[in-house]
Amino acid sequence: MRPISWPVVLAALTLSFSLPALADERGPAERLEDDLRALFADEGTLEIGEVSEALIRDRVTARDLHFAGPDGQQLWLDRYEVSGDYDRPDEVRIEGIRLETPGREQSRLSAETLLLDAPSRAVLPLHEETWPEGLTVGGLAVESLSAEFAGRVPGEESGEGRGRIAVERLQATGLGRDAIESLEFSGLAGEAEGDDEFGSGTFSVGFARVEGLRGLQGPEEERELDRLEVRDLDIESDRLVAALSSLEVDGDMADGEGGFRLEALDLDLARMITLAPEEERTQLRMASNVLTDGSGQLRIDAASTGRWESGETASRLLGELTITADEAFGWALDADLPVRLPEGVEPAVFLARMDSLEGVTLLGGRVDATLSDLGLFGRLPTIMAASQGVSEAVFLEQARTQAQGFGMMLGPEFEALFSGLVAMMAGEASELAIHLTLPADSELEALSADPLALPERLEMRVESR
């Protein structure tokens with residue numbers, strides 16, 4: 001038996017089949033009971049404890065609902081409450097939700113509350129195109145033995161895994177079949193047992209929000225979003241131990257600008273080394289010592305912005321990128337590229353997807369990059385010399401000779417590049433700046449497909465300081 005799709009489950013709690021119009025003399029209590037029974041009319045049996053109307057406010061409530069499906073599925077609802085005009089409610093509130101599916105892929109879902117804000121009717125039919133203005137779920141928890149929550153591909157014959165996800169609060173607005181205006185949740189925590197890329201472990205997210213999510217019914221690679229925000233992410237698994245303070249992504253290029261900002265990604269390399277297979281620990285420990293000076297803790301901050309300026313015959317793409325690994329290195333990139341896009345292509349659409357460079361003509365431009373030593377290059381000679389069984393002086397002399405060899409093969413610019421790296425390792429320089437002037441009237445697809453030909457087609461200037 002296949003596991004129930006959880007997004008469908010939440011929707012199914014408020015879906016029913018269309019009913020023919022009944023007599024006007026039916027009261028809200030009778031109408032609610034009839035509509036709820038129609039919800040599962042052809043799927044199983046439904047028991048309802050009682051249905052009552054409030055004496056003062058426009059409110060009708062059904063209590064103690066229990067549905068039993070043909071394959072053993074069971075659903076309990078403590079309370080189903082409709083407030084306002086029954087034909088156009090202000091809200092529908094469901095409390096005490098519990099769903100269980102038996103069998104090999106057993107799963108359980110529970111939620112303290114499910115609130116539908118301004119739904120088009122008390123019980124939405126399956127073909128309903130008018131969705132509620134908003135949806136809020138409190139105290140959501142999902143437990144499963146299925147492959148879906150164990151981090152495996154559904155249907156894989158790789159044994160069972162357990163998983164659990166809990167969310168304190170989830171809120172969505174602007175719901176549709178193919179798009180969501182906003183989706184926000186707080187207090188998410190999960191755990192999984194599996195053998196996927198990250199293995200078994202736990203994770204938590206303090207807060208996350210997605211805005212302008214589109215393309216839900218199409219292929220995953222065609223989905224778009226305007227904005228993503230994540231705060232206080234913690235992961236502890238067999239292969240990854242990390243914490244992230246915040247991540248912000250601006251994917252809406254309609255205003256001419258987008259980008260991302262990542263703050264305080266802390267990688268616990270020391271802990272990951274102890275979790276790695278024994279035969280891999282020596283090399284991992286060496287890499288950790290180079291990056292962290294023996295602390296085993298690596299912090300990374302990054303930021304990137306991209307923007308475009310549209311002209312009559314050409315567009316101008318500008319971008320900036322900075323990456324900082326504390327006590328290791330810094331990397332900064334600045335680009336200014338005039339380009340001619342294929343006819344009929346809007347710059348905002350091109351930048352948002354960036355799935356192909358076909359038909360894009362480069363009209364020159366520049367790229368400036370700066371590599372800064374924050375401690376990494378000063379540690380390299382000691383570790384590399386020890387691994388080769390030579391002194392640091394001998395290692396540096398060999399490195400200078402190799403840099404000259406690269407210059408003979410690739411040209412003086414590359415000799416300056418590798419000589420600058422050696423100067424940073426020797427403590428003679430702290431930064432390496434690379435300035436590129438790009439060729440005009442060039443197809444970007446062709447340039448990216450043949451990077452080895454770039455030295456002959458661009459101008460490169462290297463400075464170490």
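A quick note: this is a predicted structure, and the numbers were derived from the prediction, not measured.
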Flag if over 12 foreign heavy atoms under 6.0 Å of CE, Met409:
yes
Evaluate Asp226 against Arg214 for side chain to side chain contact (heavy atoms under 4.5 Å, CB included), listing each step before the verdict.
CA-CA 9 Å; Asp226 290 341; Arg214 301 177 295 278; 3.0 Å; yes
Between Arg281 and Glu279 (salt bridge meaning N to carboxylate O under 4.0 Å), is one present in this structure?
no
Decide, yes or no, whether a salt bridge links Glu463 with Arg461 under the criterion of side-chain N to carboxylate O below 4.0 Å.
yes
In short, Ser186 meets Val167 closest at the heavy-atom pair O-CG1, 3.7 Å
Nearest heavy-atom contact between Ala242 and Leu265 is CB-CD1, 4.4 Å
Residues, nucleotides or ligands: over 12 heavy atoms within 6.0 Å of Glu327 CD:
no
Sidechain-backbone polar pair: Asp373 side chain, Leu376 backbone, donor-acceptor under 3.5 Å:
yes
Output the distance between atom CG (Leu333) and atom CG (Asp368), rounded to the nearest 0.5 Å.
8.5 Å
Test item: Ser288 side-chain N/O and Leu284 main-chain N/O as donor-acceptor pair under 3.5 Å:
no
Any side-chain to backbone donor/acceptor pair from Glu413 onto Gly411? Under 3.5 Å, distance only.
no
How close do Asp252 and Asp250 get, counting heavy atoms only, and between which atoms?
N-OD1, 3.2 Å
So CZ of Arg400 and CD of Gln404: to nearest 0.5 Å the spacing works out to 9.5 Å
Shortest non-hydrogen contact from Ala243 toward Asp234
CB-OD1, 3.2 Å
Any chance you could measure Leu175, atom CG, to Glu133, atom CD, to the nearest 0.5 Å?
10.5 Å
OG of Ser372 to CZ of Phe377, rounded to nearest 0.5 Å, is 9.5 Å
NZ/NE/NH1/NH2 to OD/OE distance under 4.0 Å, Arg209 and Glu184:
yes
Using a distance-only test with no angle check, is there a side-chain donor-acceptor pair under 3.5 angstrom linking Asp266 and Gln297?
no
Pairwise side-chain contact, Arg340 with Leu363, heavy-atom cut-off 4.5 Å (strictly under)
yes
Taking atom CG of Leu188 and atom CG of Asp232, what is their separation to the nearest 0.5 Å?
12.5 Å
Any chance you could lay out the side chain to side chain contact (heavy atoms under 4.5 Å, CB included) test for Leu432 and Leu421, step after step, and finish with the verdict?
CA-CA 7 Å; Leu432 183 66; Leu421 294 175; 3.7 Å; yes
With a 4.5 Å cut-off on side-chain heavy atoms, are Leu341 and Ser315 touching?
yes
Is any side-chain heavy atom of Glu415 less than 4.5 Å from a side-chain heavy atom of Leu417?
no
For residues Gln388 and Phe395, determine if any side-chain heavy atom of one lies less than 4.5 Å from a side-chain heavy atom of the other.
yes
State, without any angle test, whether Gln171 and Arg169 hold a side-chain donor-acceptor pair at a distance under 3.5 Å.
yes
Is the side chain of Asp178 donor-acceptor paired with the backbone N or O of Gln217 at a distance under 3.5 Å, no angle test?
yes
For the pair Arg227 (side chain) and Val249 (backbone), establish whether a donor and an acceptor sit closer than 3.5 Å, ignoring hydrogens and angles.
no
Heavy-atom distance under 4.5 Å between the side chains of Arg307 and Thr305, does that happen here?
yes
Is the closest basic N to carboxylate O distance between Glu81 and Arg79 below 4.0 Å?
yes
Check ion pair Arg366-Asp334 (N to O, under 4.0 angstrom):
yes
Taking the side chain as everything from C-beta on, heavy atoms only, tell me whether Leu135 gets closer than 4.5 Å to Asp117.
no
Is there a side-chain contact between Leu337 and Leu438 (heavy atoms, below 4.5 Å)?
yes
Could Arg164 and Glu191 be called an ion pair, given the rule that one side-chain N must be under 4.0 Å from one carboxylate O?
no
After noting the C-alpha distance and the side-chain angles of Phe414 and Phe406, does the key distance pass the ring pair (Phe, Tyr, Trp, His ring centres under 6.0 Å) rule?
CA-CA 7 Å; Phe414 282 89; Phe406 282 118; 8.7 Å; no
Could you tell me whether a side-chain N or O of Asp301 sits under 3.5 Å from a main-chain N or O of Ala264, the two making a donor and an acceptor?
yes
Please tell me if the side chains of Leu436 and Glu459 come closer than 4.5 Å, counting only heavy atoms from C-beta onward.
no
Thr382 and Glu392: side chain donor to acceptor below 3.5 Å:
yes
Side chain to side chain contact (heavy atoms under 4.5 Å, CB included) assessment of Arg98 paired with Leu109
CA-CA 6 Å; Arg98 301 179 303 283; Leu109 177 147; over 6 Å; no
Pair Arg239 + Glu280, salt bridge at N-O below 4.0 Å
no
Looking at CD1 of Ile300 and CZ of Phe329, how far apart are the two atoms once the value is rounded to the nearest 0.5 Å?
6.5 Å
Test item: Arg379 side-chain N/O and Val290 main-chain N/O as donor-acceptor pair under 3.5 Å:
yes
Evaluate the side chain to side chain contact (heavy atoms under 4.5 Å, CB included) criterion for residues Glu257 and Trp308: first the C-alpha distance (whole Å), next the side-chain angles of each, then the deciding distance (0.1 Å), finally the verdict.
CA-CA 7 Å; Glu257 186 171 349; Trp308 59 271; over 6 Å; no
Which atoms form the tightest heavy-atom contact between Thr113 and Arg93, and what is the distance?
CG2-NH2, 3.4 Å
Minimum heavy-atom distance Leu374-Ala325, with the two atoms named
CD1-O, 3.9 Å
Measure from the side-chain N and O atoms of Asp78 to the backbone N and O of Glu95, and report whether any donor-acceptor pair falls under 3.5 Å.
no
